[in-house]
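A note on names: the letters A, B, ... follow the listed sequences, proteins ahead of strands, and every chain is numbered from 1. Just so it is clear, the structure is predicted and the values come from calculations on it, not from any experiment.
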Protein chains: 2
Amino acid sequence: MSYCDTCLVRNSAICAALDAKEIEALNAIGRRRQLEPGESLVWEGDQSVLVANVIEGILKLTTGTEDGREQIVGVVYPADFIGRPFGATTSHSITALTTANVCVFGRADFDRFAAEHPALEHKLLTRTLGELDRTRKWMLLLSRKTAEEKVATFLLEMAERLADTACEHSDRKNSAEHFELPFTRQQIGDILGLTIETVSRQMTQLRRDGIIDLPTRREVTIRDHGALEAIAG
Amino acid sequence: MSYCDTCLVRNSAICAALDAKEIEALNAIGRRRQLEPGESLVWEGDQSVLVANVIEGILKLTTGTEDGREQIVGVVYPADFIGRPFGATTSHSITALTTANVCVFGRADFDRFAAEHPALEHKLLTRTLGELDRTRKWMLLLSRKTAEEKVATFLLEMAERLADTACEHSDRKNSAEHFELPFTRQQIGDILGLTIETVSRQMTQLRRDGIIDLPTRREVTIRDHGALEAIAG
DNA sequence: CGTTTCATTGAAGACGGTCAAGGTCCGTGG
DNA sequence: CCACGGACCTTGACCGTCTTCAATGAAACG
């Protein structure tokens, strides 16, 4: 019996392209790995030696300048694929933001397996095309939106992303108007291309305007969804 | 005889994955199309009805906000693939910057063809992964670099990109230190997330510092490559 | 040769960054 | 149970960079 039988993302990750026998073969070259918050799986500039499926948790993809400026270039959730197949080096670091569970493959093993399973490659292709679309949309935000618009956009995206997970864990923490942020203010800043202070100020302003509420540091309640959308632009 | 026999990018576009017979079949569903500067092939938000290979020319991919702010999210060159296969809508407009020649396919036709030719999908996948890497690297520039760094980085990238085309057209216009920009100042601004004025000022400053020369509006000579790299960060 | 488009330059101001101080939360150990 | 320390967050004052607004200048085109 393979780990895959009990895998939470068996039917939503790229593995969904494979039948029982193929899954068995893929399982043979992969292994589970747990990451603690802050722990990195790969570093920017590394040789690309491994790729993985995210099973549980949230991870960030980051790149930075020599003098220490950092930018989060992507955030990945369960069922997402991470790492750089078919290429020599990794262009960004991958670091866990929460405790995370990933299904790791040696890059060479995975490349070989993928070459023999076009359906898997197809899933990976559509996933990559979607990721590229999302990344390009984010470029508009980074370069052209104001701090206020950035924060509003971010909160709306979080509400949408985290609402999906609300049903799975029936703790009712996350819903369309109320959720717990998986990020620190610093990380939100890194995502939006802002400083921690600016993020804080904008959040406070939105609260003062009665558009959101901030019961605790990590919790957000959206009081006026329409207004938030109007601000997001 | 198909158009492909004389195609300039036959061996560098994704078509390189196909043998003579397969190329013939692909040729049957594609057609050539010429675009004039400023002419668009697809518009942001459109149904994704066509995809294409770029044969000749340079095109921009853009997205914008309702109130008219625009961001160039990608620039494509000969042999690049454009459009959104396997998806309903297009997330960005595609517009020719120079006179351009593209090889257009109906999206549904292409999707069907690709599904039957894994080698083609593989090429498309590696190309898309590379594009994603480049796009993410650009995010760092957009959000964290200063205007001076942005312009320096841009000029270096242009020098590199355009040097490749120098040999093909033996007009000697483009080399490692001298080239003709395919963009207006406004377009450079849209690429870097700056205003036209800031781009102009930074270019002038680099010229005053003796790092570059600007014989005409569109021409650039790099006088001190090392200094430019130091500034780019 | 005039008109349009594109580029440069200057002055003023806004937005967000930087620096600094204080506050809140939370775990650990006295 | 409270005190302490550290990480995280908020708030304020100031300042620099880039944008905005405006005018002028240079090419390109009919």
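Distances from the side chain of A:R217 to the nucleotides C:dC25, C:dT18, C:dT8 place C:dC25 closest.
With a cut-off of 3.5 Å on both pairing distances, the Watson-Crick and G-U wobble pairs of DNA chain C assemble into stems of 3 or more at C:1-30 with D:1-30.
Residues B:Q202 and A:R207 each lie close to DNA chain D; by heavy-atom proximity, the contact nearer the 5' end of the strand is made by A:R207. Nucleotides of DNA chain C nearest to A:V199 and B:M203 differ in position, and the one nearer the 5' end is that of B:M203.
Heavy-atom contacts from other residues, nucleotides or ligands closer than 6.0 Å to CZ of A:R127 number more than 12. For B:R69, the CZ atom is densely surrounded, since the number of other residues' heavy atoms within 6.0 Å is greater than 12.
Contact annotation: B:T204 reaches the phosphate of C:dT9 (side-chain N/O to OP1 or OP2, under 4.0 Å). Under 4.0 angstrom from either OP1 or OP2 of C:dC6 there lies no side-chain N or O belonging to B:T184. Within the 4.0 Å cut-off from OP1 or OP2 of C:dG17, at least one side-chain nitrogen or oxygen of A:T195 is found.
Counting non-hydrogen atoms under 4.0 angstrom, A:T216 reaches nothing in the nucleic acid. Heavy atoms of A:G189 sit nowhere under 4.0 angstrom from any nucleic acid atom.
Separating the NZ atom of A:K150 from the P atom of C:dC15 is a distance of 14 Å, rounded to the nearest angstrom. In this structure, B:E197 atom CD and C:dA12 atom C1' are separated by 13 Å, rounded to whole Å. Put simply, CZ on B:R218 is 6 Å from P on C:dA7, counting in whole angstrom units. In this entry the distance linking CG of B:D190 with P of C:dA7 reads 12 Å, nearest Å. Between the CD1 atom of B:I188 and the C1' atom of C:dT8 there is a distance of 14 Å, rounded to whole Å. Rounded to whole Å, atom C1' of C:dA7 lies 7 Å from atom CZ of B:R185. B:R201 has its CZ atom 9 Å from the P atom of C:dT9, to the nearest Å. To the nearest angstrom, P of C:dG17 lies 18 Å from NZ of B:K145.
In summary, of the residues considered (A:I191, A:L141, A:L194, A:V199), a side chain to side chain contact (heavy atoms under 4.5 Å, CB included) with A:F154 occurs for A:I191 alone.
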B:R144 and A:D190: salt bridge (charged side-chain N to carboxylate O under 4.0 Å, His left out), yes or no, with the steps?
CA-CA 10 Å; B:R144 297 298 191 188; A:D190 288 341; 3.4 Å; yes
Does the side-chain contact (heavy atoms from CB on, under 4.5 Å) test come out yes or no for A:T63 and B:K137, once each step is laid out?
CA-CA 7 Å; A:T63 173; B:K137 203 172 112 203; 5.6 Å; no
Given the rule in the side-chain hydrogen bond (donor to acceptor under 3.5 Å, both in side chains) test, do B:H92 and B:T62 qualify, once you have shown the distances and angles that lead to the verdict?
CA-CA 5 Å; B:H92 51 262; B:T62 60; over 6 Å; no
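Atom-to-atom distance recorded for A:I82:CD1 and A:L50:CG is 8.5 Å, nearest 0.5 angstrom.
B:T135 places a side-chain N or O within donor-acceptor distance of the main-chain N or O of B:E131, the cut-off being under 3.5 Å.
Aromatic rings from A:F105 and A:F81 are positioned such that their centres are separated by 6.0 Å or more.
Once you apply a 4.0 Å limit to the heavy atoms of chain B, the touched nucleotides of DNA chain D run 5' to 3' over D:dC18 to D:dA27.
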With a cut-off of 3.5 Å and sequence neighbours excluded, list every side-chain donor-acceptor pair involving residues 96-103 of chain B.
unit_1	atom_1	unit_2	atom_2	d
B:T98	OG1	B:I58	N	3.0
B:N101	ND2	B:Q34	OE1	3.3

